[in-house]
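Source: prediction; values computed, not measured. Proteins come first, then strands; the chains are lettered A, B, ... in the order of their sequence lines, and each starts at number 1.
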Protein chains: 2
Amino acid sequence: MIRILIAEDQRMLASALTSLLNLEPDIRVLDCVSDGEAALARLQLGDIDVVLSDIEMPKMSGLELAARIKDAGNIACKVVIVTAFARAGFLRRALDAGVKAYLLKDAPSEKLADVIRTVHRGGRYIAPELLSDTWSEACPLSARERSVLALAGEGLSSEQIGAKLHLSTGTVRNYLSEAIGKMDAANRIEAHRLARERGWL
Amino acid sequence: MIRILIAEDQRMLASALTSLLNLEPDIRVLDCVSDGEAALARLQLGDIDVVLSDIEMPKMSGLELAARIKDAGNIACKVVIVTAFARAGFLRRALDAGVKAYLLKDAPSEKLADVIRTVHRGGRYIAPELLSDTWSEACPLSARERSVLALAGEGLSSEQIGAKLHLSTGTVRNYLSEAIGKMDAANRIEAHRLARERGWL
DNA sequence: AACGACACCTGACACCTGTCACCTGAAATC
DNA sequence: GATTTCAGGTGACAGGTGTCAGGTGTCGTT
């Protein structure tokens, strides 16, 4: 019997998947939680074989959850990411965090039980859409460039960004200029959009 | 027996809802489609009582689907919108298009069957999160302001926007200035973000 | 000790943005 | 026919943005 924890903030999907998976004779969903923190807490009981996790959740993302599980070392469960968005950076970070499977929400749902069994046997699975070259290119942005670009995308001015990050206005503009150049964009807005689309923020 | 069509591009959710709803004795899911056009075509058979539709789908959105059904006049089915985002403009447009129920994907899934029955009896249902004042305020932006703001959000300069919309650069800046003022934002980026969050784009 | 890599800062320049007062011409209203 | 209304435009101004050529101090390397 494979014991599952579902971490998913769309309750409708979570409960639907629960009833779907519980129809499988060898799978049992023990619990559903709606954010990463709750998932981490629930895992301490040690009775979970596979965590099914969304990425975008309140409090703690699925990627951070996976990283925490890896760092903790004492939690035996495997992590399966189920997400709506096919973003390169997400897959990369997921793999770095030791995630065993990464699949998309528009995959046929019969796939899910298969993937869970594969992972439980020690296997791996990556959504085929994500295996092309486009998706695997590394993020060229430095940590500073990323954080500056993220704030710029909220509409903050260079001065406001500098105040938040304890940098001078000129430095912020230099980082933004670098980022814009690397992304081959015309301005901060386009650079932010492109970086988001590629999962680099 | 209430006959259902599901229009939802996340196949995983669509099939999970199907199996969930088919457990109800008085509900039967006849078909699943993954975009608005396919839904409209399927409805021509005339055997559907209630359409369960997402908003964000390829080809034709759920809101446009609802509007088309209303305009056609000869299709008897009720429309239930099930969406992830709580955006004011969406709800408004949905109600204008004669939608009978509007609920969020993070509602408990038991709610779904209840809402379907309510709608089938001739009732209505709106997600309680959307009934507060914030969500029901009307969009203050003119059509021009909206389109200019949408392009500005892509990273286009005022000049490029003017070229696309056959307006002078100065006029584009005037519209943007108006929009920024109405949204109480500091610049075009923040104005675009706020407008998107409120479903006005 | 000398070296380069790195993070951060400065100043200057051309250009873009946001704002405002005001103009124009074509409806619509009176 | 005169007046208002409104989409669109112009020109000017302060301030923000993007770029570049430098500058400082701190690391590890060699």
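Residues forming a side-chain contact (heavy atoms from CB on, under 4.5 Å) with B:A185 (at least two apart in sequence, or on another chain): B:I180, B:M183, B:E190, B:A191, B:L194. Take A:E56 and apply the salt bridge (charged side-chain N to carboxylate O under 4.0 Å, His left out) test, not counting sequence neighbours, and it matches A:R87. Judged as a salt bridge (charged side-chain N to carboxylate O under 4.0 Å, His left out), and not counting sequence neighbours, B:D35 has no contacts. In this view, B:E24 and B:R117 satisfy the salt bridge (charged side-chain N to carboxylate O under 4.0 Å, His left out) rule, not counting sequence neighbours. For the side-chain contact (heavy atoms from CB on, under 4.5 Å) test, residues two or more places apart in sequence or in another chain that qualify with B:L45 are B:R42, B:D47. For A:K78, there are no salt bridge (charged side-chain N to carboxylate O under 4.0 Å, His left out) partners, not counting sequence neighbours.
Looking at heavy-atom distances under 4.0 Å, A:T171 makes contact with a base.
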Side chains of residues 121-128 of chain A: which donor-acceptor pairs under 3.5 Å do they make with residues two or more places apart or in other chains?
none

Pairs under 3.5 angstrom only: tabulate donor-acceptor contacts from the side chains of residues 4-19 of chain B to other protein residues two or more places apart or in another chain.
from, atom 1, to, atom 2, distance (Å)
B:E8, OE1, B:K105, NZ, 3.3
B:E8, OE2, B:Q10, N, 2.9
B:R11, NE, A:D106, O, 3.3
B:S15, OG, A:S109, OG, 2.3
B:S15, OG, B:R11, O, 3.1
B:S15, OG, B:M12, O, 3.3
B:T18, OG1, B:A14, O, 2.8
B:S19, OG, B:A16, O, 3.0

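Of all nucleotides in DNA chain D, those with any atom nearer than 4.0 Å to a heavy atom of chain B start and finish, going 5' to 3', at D:dA7 to D:dA12.
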Reading DNA chain D 5' to 3', what string of ( ), [ ], | and . shows its pairs, if Watson-Crick and G-U wobble pairs count only when both distances fall under 3.5 Å? ||||||||||||||||||||||||||||||

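Sorted by first and then second residue, the salt bridge (charged side-chain N to carboxylate O under 4.0 Å, His left out) pairs involving residues 163-188 of chain A (not counting sequence neighbours) are A:E145-A:K182.
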Any chance you could list the contact pattern along nucleotides 12-24 of chain C? Use B for base contacts, S for sugar-phosphate-only contacts and - for none, protein heavy atoms under 4.0 Å, 5' to 3'. B----BBBB----

